[in-house]
Amino acid sequence: MDIEDFRKAGYDAVDRICDYYLSLRDRPVVAEVEPAYLRKTLPDHAPEQGEPWADIANDYSSLIVPGLTHWQHPSFFAYFPTAATFEGMLGDFLASSTANPGFNWLASPACTELESVVMDWAAKMFGLDPIFYNEGEIGGGVIQTTASDSALTAIVAARSRYMTLHPSTSMESLVIYVTSQTHSFGKKAGLVLGLKVRALPVDETARRGDGLDATTLRAAVEEDRAAGHMPFVLVATVGTTTSGLIDCVKELGALLKEDYPDIWLHVDAAWAGCALSCPEYRERAQLEGINLYADSLCINFHKWGLINFDCSALWVRERARLIDALDITPEYLRTKHGDAGTVIEFRNWHLSLGRRFRSLKIWFVLRSYGVSGFRAYIRRCIACCDVFASHIRETSGFELVAPPSFSLTLFRILPNGPADEHYINMLNRAFFDALLARHDLLLTQTELGGTFCVRFSVGSARTTVDDIEKAWTVVKDIAKDVRLRFSIAN
Ligand SMILES: *Cc1c(COP(=O)(O)O)cnc(C)c1O
């Protein structure tokens with residue numbers, strides 16, 4: 001493909017993207033294909049001779065798009081969102097075009113400098129303490145691929161700090177603390193690092209909406225230390241994946257600082273962290289505790305932050321802890337500025353060497369939306385979710401299973417007459433199966449302390465109150481059918 005061919009193909013690709021978004025509302029949310037549909041259609045090896053671009057582009061539209069689940073669909077209420085914007089897409093497009101691995105300042109000064117600036121913009125938008133700003137040169141922010149990578153990086157730094165403080169500790173005695181609702185990356189970090197992981201108990205039913213507290217943490221640390229185990233990091237969550245539960249960061253942080261200062265506090269706010277952009281949600285989202293005590297904090301822009309995957313923001317209180325743990329400077333990576341310490345070398349702030357030029361996406365989105373536009377989006381998602389939660393609250397035969405958390409509502413249906421929990425779970429599994437059979441919206445399920453329930457998560461950049469009302473009508477009708485089916489069967 002030469003430059004003029006690319007010009008045509010590029011315009012054509014933009015046209016296809018626009019047509020996709022114009023038709024998105026009318027598409028099924030869920031792909032209507034069977035397993036191996038693509039293998040049956042595609043040749044089993046790459047073509048020997050190159051093919052015309054038009055054929056390739058058309059195959060994308062006719063073969064690939066129908067096999068996609070449409071995460072940007074306004075009726076996508078599953079998992080957590082990965083809200084994409086055109087501004088973010090353009091950032092990705094231009095970043096790809098220059099193909100910079102940006103590992104050193106010198107490898108592409110603009111990559112490092114823009115990242116350093118926009119991570120400060122983001123820190124300020126979220127109300128973070130200046131200690132986390134890159135401009136202060138003590139802490140700082142760096143873009144990672146995912147929240148799992150951010151947590152793993154923080155845990156590696158925490159281990160290195162702990163081992164520096166207690167050099168005679170054996171690796172076998174180290175323990176990573178998570179809670180029973182921490183994202184599965186906690187377990188994975190244990191597997192990758194070969195370390196023990198202990199899940200501290202939180203209210204499994206999530207009915208109160210509060211997560212891990214200091215009493216539980218203190219009891220666990222005392223018990224472990226007495227048995228010769230050394231907890232060195234606690235992963236606390238603001239907005240768990242299953243239920244949106246929030247650990248009491250301030251209380252946990254105060255205890256760690258006071259009595260166990262060698263235990264690192266990582267706050268995983270991968271999804272809910274974007275709510276920190278709105279002053280009215282900062283208390284709920286634990287800003288004070290984060291600012292006072294978090295050693296590291298992760299917020300995924302690629303979830304609820306209007307930026308297409310991937311873009312996970314990690315802030316640390318002391319950049320030296322990351323660098324101490326991860327600095328590798330072989331001769332071929334040495335530079336004048338790096339040696340002088342006058343520039344940030346982001347390769348020492350994460351696990352890999354090369355890195356994508358992701359700050360362009362943040363820059364484009366924050367400039368085009370402005371902080372006020374970003375906040376308006378977060379508030380709209382929460383308002384939409386509130387509309388749905390009100391319907392649940394006010395309609396008999398429905399029940400909120402936990403207090404709504406930002407833009408996430410957990411609910412279940414109730415049978416017409418009295419019934420035990422086992423029966424109610426059966427009813428709700430049937431209800432969820434019936435929801436899954438619909439392709440015009442998508443919700444996901446979870447289980448909380450033995451209670452099967454349905455998650456309703458709002459976050460697509462294009463969801464409106466009308467879409468919520470449409471979803472509510474579907475949910476209400478399906479619930480009626482399923483209840484009726486159950487009462488006849490019994
Ligand atoms: C989604 C999510 C994660 C994992 O995010 P990745 O970026 O896919 O690794 C971790 N923690 C929480 C709370 C999440 O919601």
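Everything numeric in this text was worked out from a predicted model, so none of it was measured. Read the numbers this way: they start at 1 and go in the same order the structure lists the ligands and their atoms.
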So which bit of Asp268 gets within less than 4.0 Å of ligand 1, heavy atoms only: side chain, backbone, both or neither? side chain
Side chain, backbone, both or neither: which part of Asn300 has a heavy atom under 4.0 Å from ligand 1? side chain
Ligand-side contact atoms (ligand 1) for residue partner [X], heavy atom cut-off under 4.0 Å:
X      : value
Phe185 : 10 (C), 11 (N)
Trp271 : 15 (O)
Phe80  : 15 (O)
His302 : 7 (O)
Gly239 : 13 (C)

What protein heavy atom sits nearest [atom], and how far off is it?
atom                   : answer
atom 1 (C) of ligand 1 : Lys303 NZ, 1.3 Å
atom 9 (O) of ligand 1 : Ser148 OG, 2.6 Å
atom 8 (O) of ligand 1 : Thr146 CB, 4.3 Å
atom 4 (C) of ligand 1 : His183 NE2, 3.3 Å
atom 7 (O) of ligand 1 : Ala147 N, 2.7 Å

Is the Phe301 to Phe126 ring centre distance short of 6.0 Å?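 Ring centroids of Phe301 and Phe126 are less than 6.0 Å from each other.
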With a 6.0 Å cut-off on the ring centroids, do Phe388 and Phe77 count as close?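 Centroid separation for Phe388 and Phe77: 6.0 Å or greater.
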Indicate yes or no for a side-chain donor-acceptor contact from Asn291 to the backbone of Gly127 under 3.5 Å, with no hydrogens or angles considered. yes
For the residue pair Trp472 and His391, does the interplanar ring angle fall in the parallel (under 30°), tilted (30 to 60°) or perpendicular (over 60°) class? parallel
Any residue meeting side-chain contact (heavy atoms from CB on, under 4.5 Å) with Val474, in chain and number order, not counting sequence neighbours: Arg438, Asp440, Leu441, Ile478
Only pairs at least two apart or in different chains count here, so list each salt bridge (Lys or Arg N to Asp or Glu O under 4.0 Å) that has a residue in residues 452-471.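 Listed once each, the pairs are Arg25-Asp467.
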Is it the case that the side chains of Ser150 and Gln144 hold a donor-acceptor pair, with the cut-off being a distance below 3.5 Å and no angle test?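 No, no side-chain donor-acceptor pair sits under 3.5 Å.
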Hydrogens and angles aside, do Ser296 and His266 bring a side-chain donor and acceptor to less than 3.5 Å of each other?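 The answer is yes; a qualifying pair exists.
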Heavy atom of Ser312 under 4.0 Å from ligand 1?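 Distance cut 4.0 Å: Ser312 fails for ligand 1.
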One thing to verify: whether Arg317 and Asp129 come together as a salt bridge, which I'm taking to mean a side-chain N less than 4.0 angstrom from a carboxylate O.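 Arg317 and Asp129: not salt-bridged.
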